[in-house]
Amino acid sequence: MSTLDHEQVLIRTGPRSGLPVIVAVHSSKLGQAVGGCRLWRYADWRDGLTDALRLSAAMTAKCAVAGLANGGGKTVVAIPPGAELDAAMRRALLDDVADTIASLDGAYATGPDVGTTPEDMAVIGERTPHVFCKPIQHGGSGDSSPATASGTLAALRAVSQRLHGTRALTGVRLSLVGLGSVGLRLARLLAEEGADLLVSDIDHAKQAASEELGATWASPEQALTSDVDILVPAALGGILTEDVVPRLRCAAIAGPANNQLATPTVADLLHRRGIVWVPDYVVSAGGVIHALTMELHHQPPDDARERVEAIEHTVAGLLDTAEHQQVTPAQAATELARLRLNASPSNSRPASS
Ligand SMILES: NC(=O)c1ccc[n+]([C@@H]2O[C@H](COP(=O)([O-])OP(=O)(O)OC[C@H]3O[C@@H](n4cnc5c(N)ncnc54)[C@H](O)[C@@H]3O)[C@@H](O)[C@H]2O)c1
């Protein structure tokens with residue numbers, strides 16, 4: 001039988017909403033556990049529990065590699081199929097979430113995730129201070145997309161340094177898949193820097209923005225498999241499948257889209273093809289670094305910006321380690337997280353395997 005790898009998991013039926021509220025605290029070895037609040041439909045609430053356990057562990061690795069003094073946690077509200085979520089019900093479940101988080105006495109703080117918004121964080125913030133990514137007018141750090149885009153740019157500089165020996169992105173050929181909140185901001189930063197941009201989105205309305213930037217517009221399939229230096233996934237997850245890998249013609253992949261690999265083995269396939277893949281959770285950490293630095297660690301915006309830009313050094317370090325130790329950058333990141341967690345002074349538990 002496997003053991004519970006988490007410090008605590010709180011499951012309760014929300015007294016107002018009647019819905020299952022699950023908070024998983026994976027680790028607080030490095031500091032307060034953090035992770036978004038997911039509102040999602042599940043056939044069975046236990047599927048929501050599985051998500052909370054998995055996603056909270058992933059947050060521990062994300063924070064550790066980002067050098068944050070935080071651990072990993074996650075909230076999942078499992079909405080049964082067919083349940084209606086009107087405004088009153090939504091308010092009820094956010095109050096239930098807030099009280100559940102408050103009962104953990106600061107062990108965990110939440111933020112937005114799939115199904116929740118910064119405005120929802122302001123509602124949760126009425127009942128507990130352990131919340132981040134609130135809108136600016138509610139005393140929060142606001143939209144996380146600009147910091148996520150800046151952090152991705154920093155990661156791309158490190159990749160460029162590895163490929164071409166220079167961190168400048170001028171003339172570097174990049175293919176960006178997804179021109180949403182993060183992708184469009186990133187495309188602007190890259191265009192300002194003189195990068196050679198190919199961009200795509202399933203939403204054709206984004207083509208006008210592409211023309212303004214002087215980028216070449218392509219279909220998502222063309223963008224994915226085009227001959228470029230760096231492929232930048234900035235849309236949805238699962239884009240890198242076993243079938244896609246043989247058709248890729250890029251030297252490296254680094255982008256903010258979450259869960260890019262369809263399966264973990266794709267990282268090895270990419271490595272075998274000589275394509276450098278930087279783990280998405282490292283590249284996309286800018287938003288959470290910015291929000292936590294300002295809202296939970298109460299540091300000034302300049303400090304937050306510096307920490308986001310430090311993603312360049314993190315990625316450079318991972319690429320160096322991967323090369324010297326003949327491992328994938330994904331394995332180097334996992335090892336870095338393990339070392340940081342085990343080096344923590346508050347480390348009182350045996351290392352998990
Ligand atoms: N917003 C943040 O701060 C943040 C932080 C960490 C990670 N991320 C991740 O980055 C990615 C982008 O986030 P966002 O906030 O910009 O989302 P968004 O919804 O604003 O943008 C996504 C864009 O991708 C496009 N798209 C969807 N499917 C596509 C496909 N198959 N091919 C091409 N384009 C497609 C959409 O039309 C949209 O324009 C997501 O995976 C998100 O989880 C975002």
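Read the numbers this way: they start at 1 and go in the same order the structure lists the ligands and their atoms. Index from 1, following the sequence.
- Residues G125 and V131 share a closest heavy-atom pair of CA-CG1, 3.6 Å.
- Few gaps surround CH2 on W45; more than 12 heavy atoms of other groups in view lie less than 6.0 Å from it.
- Side-chain atoms of T293 and D303 include no donor-acceptor pair closer than 3.5 Å.
- For ligand 1, the protein residues placed under 4.0 Å by at least one non-hydrogen atom are S144, S145, T148, V177, G178, L179, G180, S181, V182, D201, I202, D203, K206, P220, A234, A235, L236, P256, A257, N258, S284.
- Annotation for L186 and L153: closest pair CD1-N, 3.9 Å, computed over non-hydrogen atoms.
- Screening E7, H6, K74 for a side-chain hydrogen bond (donor to acceptor under 3.5 Å, both in side chains) with S56, the sole residue that qualifies is H6.
- In plain terms, the two heavy atoms of G73 and M59 that are nearest each other are O-CG, 3.7 Å.
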